[in-house]
Amino acid sequence: MEVINSNAKDGYTKSPNCLKCKYFKVTWEANFPRSCTMFNIKCRTMPSVEVFSATRQQCPSFDLKDGIRA
């Protein structure tokens, strides 16, 4: 599921890719397989989707993992 921010200057922007974020972790829990260590949440969807649904803003803490290109 892709979250789109309609408040962006250019019209629409995609949500950050959690898989490239240093705060993203995979859990062993079948019901909540993804987590974000920055916000201390576990969820079924990508954490950026949960952050957007709670705040109506894109994730403010996205930070690329070391060695990953944008």
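Basis for what follows: all heavy atoms, side chains included, without hydrogens, waters or symmetry-related copies.
- Within the 4.5 Å cutoff, no side-chain heavy atoms of P16 are placed close to those of F52.
- Taking each heavy atom of S61 and Y23 in turn, the nearest pair found is O-CE1, 3.2 Å.
- Remark: the S48 side chain and the Q58 side chain contain no N/O donor-acceptor pair separated by less than 3.5 Å.
- Hydrophobic clustering, with ILVMFWY side chains joined whenever heavy atoms are under 4.5 angstrom apart, groups I41 together with M38.
- L19 pairs in a side-chain contact (heavy atoms from CB on, under 4.5 Å) with only one of the listed residues (R34, M46, K65), which is M46.
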(request) Please lay out, stage by stage, how K22 and D66 fare under the test side-chain contact (heavy atoms from CB on, under 4.5 Å). (result) CA-CA 8 Å; K22 71 179 182 180; D66 293 335; 5.9 Å; no
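- With K25 as the partner, the side-chain contact (heavy atoms from CB on, under 4.5 Å) test is satisfied by one option alone out of P47, C18, P33, S35: S35.
- Linking ILVMFWY residues whenever their side-chain heavy atoms come closer than 4.5 Å, directly or via other members, places V26 and V49 in the same cluster.
- Here OG1 of T55 is found 11.0 Å from CD of E50. Values are rounded to the nearest 0.5 Å.
- When every heavy atom of F62 is checked against every heavy atom of N17, the shortest pair comes out as CE1-O, 3.2 Å.
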